[in-house]
2 protein chains.
Amino acid sequence: MKELTKQQSKVLACVEVYLNKTGFPPTRAEICKELGFKSPNAAEMHLRALEKKGYISIQSGSSRGISIVKSQQSFEQIGEQMPVIGLVAAGSPTLAEENIEKRISCDPNMFSDSFDYFLKVKGLSMIEAGIHEDDLVAIKKTTDVKNGDLVVVRLEDEVTLKYFKKTNHSLELIPANKDFSTIEVDLREQEAFVEGKSVGLIRTH
Amino acid sequence: MKELTKQQSKVLACVEVYLNKTGFPPTRAEICKELGFKSPNAAEMHLRALEKKGYISIQSGSSRGISIVKSQQSFEQIGEQMPVIGLVAAGSPTLAEENIEKRISCDPNMFSDSFDYFLKVKGLSMIEAGIHEDDLVAIKKTTDVKNGDLVVVRLEDEVTLKYFKKTNHSLELIPANKDFSTIEVDLREQEAFVEGKSVGLIRTH
DNA sequence: ATTTATACTGTATATTTTTACAGTATATAA
DNA sequence: TTATATACTGTAAAAATATACAGTATAAAT
């Protein structure tokens, strides 16, 4: 999570205090009044920055549509807002705000292992493992993976979700669909980046 | 504290659910949409009644200026401990303590629809729907199911998870595995109890 | 038979609120 | 020296929202 500037921190605190006091979030104008700004745009800009850094989410077009994603206050946050990231064809699955499709309120420890984000599955390459298109796979960011693990690997600019098998200099990324073929990587010729591994899955019916 | 009418109770619940889901209170129009009212004044009147009876307070002149004074719900909505029930061969999947295998901390609204418990899947009859043994299927207790829904149905003492298809006097419970056959029930001869329907699924890898 | 409470529809308007755009100022980095 | 990021002011328009008013319908109470 990115660092906040002094003013952004003040604005976040202001929103949290207002929320605790009234039960609903403040308007831009109310934030200005509280912090002494003279233009609603001052508040707007700080809120946008806070959203980009993942501390709040803003429901666009709604009045008072601010919700706290990550509290500045240190008290326990049960039911954190876990980000959902689309499995994009190119580039790493980063947690930058523009990649976050939505957030789901749940416990980061609901599976056997903790996880960092959900990856939204594209395509049918893992269908025989019971992993469908649009399923959300819970990914733990780690490079510590074993053969047989379901992993997120980046090759060049392509990111895939496959079973992991490493043998000497070669890496096999094995699909679970007879219509797809195993991706074989000679690690002396090409780099492969393990982004993380799956610890669970959720699906909405 | 005064008693609430049925509709007032619905409106209060609606506000509480919205608040838990979004982090801010609903507008009059949003309450109407949720509960099927066609005039914003319907919501307005109920809110006024709820304020008069001391369940909420309304900040006049503010958008979404509703705060809960006395919650209707006896339990916390976020980070609830949702029970996991084994799909036992005999008897209804009841929420009696002896049937609860464990509890998982998660948000009852993490799927598109709310749910009441997780059912632990036994057997392979739904494998082609990507539902494996030991997957946890989120079940919403309801009898309001449509053809094609994934439902929990009890026949005599046997409980199954299957696709639902009703035609006149006959009920078909369709598996997703070519090695299993559809269960056909003539409703004039045998009773079938719909216990609920699936709204989602989670799996631990 | 008439009132009273509940439960709405439908419309209209004033007010609140978001949000875009055009600027200003300052410090820091390239 | 020229960007670039932070941190605002000031204005204005469009959209969202609260809320008043005038009705309709129904069941229960008086």
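Only a predicted model underlies this, so the values are computations on that prediction, with no experimental measurement involved. The sequence lines fix the lettering, A, B, ..., with proteins before strands; numbering per chain opens at 1.
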Please list, chain by chain and in numerical order, all residues satisfying side-chain hydrogen bond (donor to acceptor under 3.5 Å, both in side chains) with Asp144(A), sequence neighbours excluded.
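Once residues adjacent in sequence are excluded, Asp144(A) has no partner under the side-chain hydrogen bond (donor to acceptor under 3.5 Å, both in side chains) criterion.
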Looking only at heavy atoms, what is the nearest atom pair of Leu47(A) and Ile56(A), with distance?
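Looking at all heavy atoms of both residues, the shortest contact is O-CD1, 3.6 Å.
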Could you give the [atom1]-to-[atom2] distance, from [X] to [N], as a whole number of Å?
{"X": "Tyr18(A)", "N": "dT17(C)", "atom1": "OH", "atom2": "C1'", "result": "12 Å"}
{"X": "Ile31(A)", "N": "dT19(C)", "atom1": "CD1", "atom2": "P", "result": "12 Å"}
{"X": "Gln8(B)", "N": "dT6(C)", "atom1": "CD", "atom2": "P", "result": "7 Å"}
{"X": "Lys33(A)", "N": "dT17(C)", "atom1": "NZ", "atom2": "C1'", "result": "16 Å"}
{"X": "Leu4(A)", "N": "dA7(D)", "atom1": "CG", "atom2": "P", "result": "10 Å"}

For a quick check, with a 4.0 angstrom heavy-atom cut-off, what is the B/S/- contact string for nucleotides 11-19 of chain D, read 5' to 3'?
-----SSSB
Tell me, with the steps shown, if Arg48(B) and Glu44(B) meet salt bridge (charged side-chain N to carboxylate O under 4.0 Å, His left out).
CA-CA 6 Å; Arg48(B) 292 286 174 78; Glu44(B) 179 74 24; 2.6 Å; yes
Should the pair Glu30(B)-Arg64(B) be classified as a salt bridge under the 4.0 Å nitrogen-to-oxygen rule?
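Yes, Glu30(B) and Arg64(B) are salt-bridged.
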Got a salt bridge between Lys120(A) and Glu133(A), using NZ or NE/NH1/NH2 to carboxylate O under 4.0 Å?
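Between Glu133(A) and Lys120(A) there is no salt bridge, as every charged N stays at least 4.0 Å from the carboxylate O atoms.
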Taking only side-chain nitrogens and oxygens of His46(B), does any of them come within less than 4.0 Å of OP1 or OP2 of dC8(C)?
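Yes, such a contact exists.
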On the nucleotide dC8(C), are OP1 or OP2 found under 4.0 Å from the side-chain N or O atoms that Gln7(B) carries?
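So the side-chain polar atoms of Gln7(B) do come within 4.0 Å of the phosphate oxygens OP1 or OP2 of dC8(C), strictly under.
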Salt bridge (charged side-chain N to carboxylate O under 4.0 Å, His left out) for Lys140(A) and Asp116(A)? Distances and angles first, verdict last.
CA-CA 5 Å; Lys140(A) 180 190 180 72; Asp116(A) 300 293; 5.9 Å; no
